[in-house]
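Below: one structure, written as C-alpha cells.
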Amino acid sequence: MRTAVQLAGKVVAVTGGARGIGRAIATAFAAEGASVAIGDIDKKLCENTAAEIGNSTIGLPLDVTDHGSFEAFFDTIAATLGPVDVIVNNAGIMPITPFGDESLESIQRQLDINVRGVMWGSQLAIKRMKPRGGGAIVNIASAAGKAGFPGLATYCATKHAVVGLSESLSLEYETSGISVVCVMPGMVNTELISGLDTHWLLKTVEPEDIANAVVNAVRKGTFPVFVPKMFGGMYRTMSVLPRSTGKFLTRKLGIQDFMLNAHGSDARKAYEDRASHSEPSAE
C-alpha cells in the first residue's frame, strides 16, 4: 500500500492562485505546513493574496501562455523557497458562447491558457522533478472533460485535452516517482459560474471543497478525482447507456441548455470581459 505523502515542508506552486479555486488550494497547502508560491497574471492581486494567506506564502507574476514567464516562475521559486515538489496547474478560463459565433481570439485564448499552459507547467515540472526522483503534478480539469455541454464546446475540448494529458503522464511517469493527479470539479462557487442558474442535480460546491480534494489526492496519490464524488458515478452510468438514452436524459433533466442559457447575460459580463482581456499588470 502506498505510504501517504507528508506535505509539511514541501514546496507547492499554484498557477492562477490569486483568486477562486487557486487561492483556496494555496491556502489549504499552507495550512498543511507547505511553502507555497502562487503565480498569477494579476501581479498586484497575487501579492496581496499571498500576504493574506501568510505562512511565508509568496506571490509571483506568471503568464502561463509565455514559456519564458513559466520558466522564470519555477526558477524564482527554486531560488526563494527551494525546488518545487508539487505543481498545481489551475489557471483556466470558461467563456460561454455558441460555437458557431465564437471568435477566433476566444478559441485561441482557451487553447493557450487551458491546454498549452497546463502542458508547459507539467513539462517544466517533470524536467525538474525527474532528476530529484519524484514530485506531484496536479492538473485541474473539469467534469466537462468527460462530457459535452452546448455553449462550452471549446472549453470542453480543452478540458478533455487536460484529462487525456493527465492520463498519459500518470502512466508514462509511474516508475519515476512522479505522481499525477487529475481533478474534475463540477459547478464551483466562483466567477466561472456567474449568471448560471442553480440546478438540483448539478450541485454547486465551494472552492474549499476542491482544495481539500486536491490536498488529499496529493497525499494519497489518488487518480482521478471528481468533486463532488457523485459526478464520478454519473459519468460511469452515462458511459454505459446508449447514446440516445443519454441525450434523452440530459434534455429531460434540463441539462441540455443549462450553460448556454447564461450566454450574454449581464451577470456574466464582468467575468467574460476579464477572462477575454486580462493582461499582466504593471509593475
Side-chain angles (χ1 to χ4, degrees), residues 1-5 7 10-17 21-22 25-26 29 34 36-39 62 64-67 69-71 73-75 77-78 83-93 110-147 154-185 210-211 213-227 231-232 235-236 239:
M1 186 173 70
R2 187 181 185 272
T3 303
V5 174
L7 299 176
K10 298 293 185 182
V11 176
V12 180
V14 184
T15 73
I21 294 173
I25 291 171
F29 274 110
V36 181
I38 58 176
L62 171 64
V64 298
T65 71
D66 182 330
H67 195 270
S69 175
F70 228 142
E71 284 190 304
F73 178 62
F74 272 98
D75 291 343
I77 296 170
V84 172
D85 297 299
V86 181
I87 174 71
V88 182
N89 290 306
N90 165 74
I93 58 172
Q110 288 183 78
L111 291 172
D112 288 345
I113 297 173
N114 297 4
V115 180
R116 190 167 65 178
V118 174
M119 295 181 78
W120 280 351
S122 298
Q123 189 178 58
L124 288 168
I126 288 167
K127 288 180 177 180
R128 288 159 173 77
M129 291 174 179
K130 190 175 179 182
R132 296 172 55 223
I137 296 170
V138 181
N139 292 331
I140 306 298
S142 168
K146 289 288 192 178
T154 300
Y155 179 78
C156 288
T158 65
K159 293 305 182 177
H160 274 72
V162 172
V163 172
L165 171 71
S166 303
E167 291 276 10
S168 299
L169 296 182
S170 70
L171 297 174
E172 186 171 344
Y173 292 95
E174 188 174 20
T175 60
S176 299
I178 300 173
S179 65
V180 179
V181 175
C182 185
V183 181
M184 288 169 269
I210 310 303
V214 168
V215 168
N216 288 332
V218 171
R219 186 184 286 118
K220 299 175 182 178
T222 309
F223 187 110
V225 179
F226 288 91
V227 186
F231 280 161
Y235 164 70
R236 288 188 291 272
S239 65

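- The two residues T65 and W120 come nearest to each other via the heavy atoms O-CZ3, 3.3 Å.
- A salt bridge (charged side-chain N to carboxylate O under 4.0 Å, His left out) check over residues 134-143, counting only residues at least two apart or in different chains, returns nothing.
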* Between F70 and L62, is a side chain to side chain contact (heavy atoms under 4.5 Å, CB included) present by the stated rule, with each step listed? -> CA-CA 6 Å; F70 228 142; L62 171 64; 3.9 Å; yes
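- Closest approach of V227 to A213, counting heavy atoms only: CG2-CB, 3.6 Å.
- When each of I25, V214, I140 is checked for a side chain to side chain contact (heavy atoms under 4.5 Å, CB included) with V14, only I25 meets the rule.
- Residues in residues 155-165 take part in these side chain to side chain donor-acceptor pair (under 3.5 Å) pairs, two or more places apart or across chains: N114-T158.
- Every pair tested for salt bridge (charged side-chain N to carboxylate O under 4.0 Å, His left out) that includes a residue from residues 169-183 fails, sequence neighbours excluded, so the list is empty.
- Residues satisfying the side-chain contact (heavy atoms from CB on, under 4.5 Å) criterion with A125, sequence neighbours excluded, are F74, I87, M129, I137.
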* To do: Evaluate the criterion side chain to side chain contact (heavy atoms under 4.5 Å, CB included) for residue pair V11 and I77; output intermediate values, then yes/no.
  => CA-CA 8 Å; V11 176; I77 296 170; 3.6 Å; yes
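- Sorted by first then second residue, the side chain to side chain donor-acceptor pair (under 3.5 Å) pairs that include residues 162-171, not counting sequence neighbours, are N139-S166.
- Take D66 and apply the side-chain contact (heavy atoms from CB on, under 4.5 Å) test, not counting sequence neighbours, and it matches D63, S69.
- Counting only heavy atoms from C-beta outward, the side chains of I210 and V183 approach each other to under 4.5 Å.
- Summarising the geometry of V12 relative to A34, their closest heavy-atom pair is CG2-CB, 3.8 Å, with the distance given to 0.1 Å.
- Residues satisfying the side-chain contact (heavy atoms from CB on, under 4.5 Å) test with E71, not counting sequence neighbours, are H67, L124.
- L111 places none of its side-chain heavy atoms less than 4.5 Å from the side chain of R116.
- V84 and V86 make their closest contact through CG1-O, 3.2 Å (heavy atoms, listed as atom of the first residue, atom of the second, distance).
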* To do: For side chain to side chain contact (heavy atoms under 4.5 Å, CB included), just list the numbers for V88 and F29, CA-CA rounded to whole Å, side-chain angles, deciding distance to a tenth of an Å, and then say yes or no.
  => CA-CA 11 Å; V88 182; F29 274 110; 4.1 Å; yes
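- Heavy-atom minimum distance, A141 versus C182: CB-SG, 3.9 Å.
- Among all heavy-atom pairs drawn from S122 and N89, the shortest one is OG-ND2, 3.3 Å.
- Applying the salt bridge (charged side-chain N to carboxylate O under 4.0 Å, His left out) rule to pairs touching residues 121-133 yields D75-R128, D85-R132, sequence neighbours excluded.
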* Does the pair L7 and V218 meet the rule for a side chain to side chain contact (heavy atoms under 4.5 Å, CB included), with working shown? -> CA-CA 9 Å; L7 299 176; V218 171; 3.9 Å; yes
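- Residue-environment remark: NZ (K10) stays at or below the threshold of 12 foreign heavy atoms within 6.0 Å.
- Proximity of M184 to V225: side-chain heavy atoms (C-beta onward) are nowhere separated by under 4.5 Å.
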